[in-house]
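This report refers to the structure that appears directly beneath it.
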Amino acid sequence: MRAGSAAKRLLVGRPLESGRLGETLLPKRVALPIFCSDPLSSVAYATEEILLILALGGLAVLHLAWYAAAGIVVLLLVVVASYRQTCYAYPGGGGAYVVSAENLGQRAALTAASALLIDYVMTVAVSVVSGVAAITSAAPALGGHAVALSVFFVVVLAWLNLRGVRESGRWFALPRTRSSA
């Protein structure tokens, strides 16, 4: 049991007392670009895939790209309006689970939490595969190792996230200046 505890401490770090969790917060100038990357990457990948499918149809369906773009813009406006309302209603912080639990009940909160978990898993998967595709495009010799590279990067991302918000945020913010740490 002692060896498992030592390995956990080495991999994840020392546990923090609840009263010290405020020390783990990132400055806004670092946190905003890091934590906003999830919705931005989802929009970027979705748009790319829509255009890819439309490109397969050729010039005959190219005129439909405007409808897809308009749909994405409307969706983004709804998401931004929703986030703004949530920020005003919950100035101390409140994610989808808290907002849903307080307003719609436990079942809705669990549904929101499940949807977020699936979204995060899919975002990591798509982002990692996209990055590995870029790496194997630049270094074709690594093409046969795409799955192993993807698994490696997912393990690294999971480990960084287990280290805590502040530590993982610092790693995700690389390259950074010394003053932003």
Side-chain angles (χ1 to χ4, degrees), residues 1-18 20-21 23-56 68 71-72 75-76 79 83 93 95-98 100 108-178 180-181:
M1 184 70 177
R2 194 76 171 129
S5 174
K8 178 182 171 188
R9 186 163 293 193
L10 178 67
L11 287 173
V12 181
R14 293 185 326 243
L16 289 176
E17 299 172 16
S18 296
R20 294 187 54 213
L21 290 178
E23 299 172 16
T24 65
L25 297 177
L26 288 169
K28 288 180 184 170
R29 68 183 181 280
V30 176
L32 188 61
I34 292 169
F35 297 121
C36 286
S37 63
D38 175 43
L40 292 176
S41 68
S42 296
V43 169
Y45 295 130
T47 306
E48 179 183 3
E49 291 304 313
I50 290 169
L51 291 175
L52 178 65
I53 295 301
L54 289 175
L56 291 176
I72 291 168
L75 181 62
L76 280 174
V79 169
Y83 280 156
Y97 180 84
V98 171
S100 298
L110 292 173
T111 302
S114 300
L116 283 171
L117 184 60
I118 291 168
D119 174 57
Y120 294 151
V121 168
M122 294 303 294
T123 298
V124 167
V126 169
S127 298
V128 166
V129 168
S130 178
V132 169
I135 290 170
T136 56
S137 172
L142 295 174
H145 305 288
V147 173
L149 284 170
S150 296
V151 170
F152 170 76
F153 287 124
V154 167
V155 168
V156 169
L157 286 170
W159 175 74
L160 287 172
N161 279 296
L162 286 172
R163 300 290 297 173
V165 174
R166 187 176 195 91
E167 287 77 18
S168 65
R170 285 181 176 165
W171 280 102
F172 295 144
L174 288 177
R176 67 182 194 280
T177 63
R178 201 70 166 142
S180 66

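If you're wondering where the values come from, they're calculated on a predicted model, not measured in any experiment.
- One finds the CG atom of D119 at 12.5 Å from the OG atom of S114 (value rounded to the nearest 0.5 Å).
- The two residues L142 and T136 make their nearest non-hydrogen contact at O-CG2, 3.6 Å.
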Does the side chain to side chain contact (heavy atoms under 4.5 Å, CB included) test come out yes or no for V79 and Y83, once each step is laid out? CA-CA 6 Å; V79 169; Y83 280 156; 3.6 Å; yes

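- Taking CG of L116 as the reference point, atom OH of Y97 lies at 12.5 Å (rounded to 0.5 Å).
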For residues 145-155, dump all side-chain donor-acceptor pairs below 3.5 Å to protein atoms at least two apart in sequence or in another chain.
from : atom 1 : to   : atom 2 : distance (Å)
S150 : OG     : A146 : O      : 2.9

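- In this structure A108 satisfies the side-chain contact (heavy atoms from CB on, under 4.5 Å) test together with S100, L104, sequence neighbours excluded.
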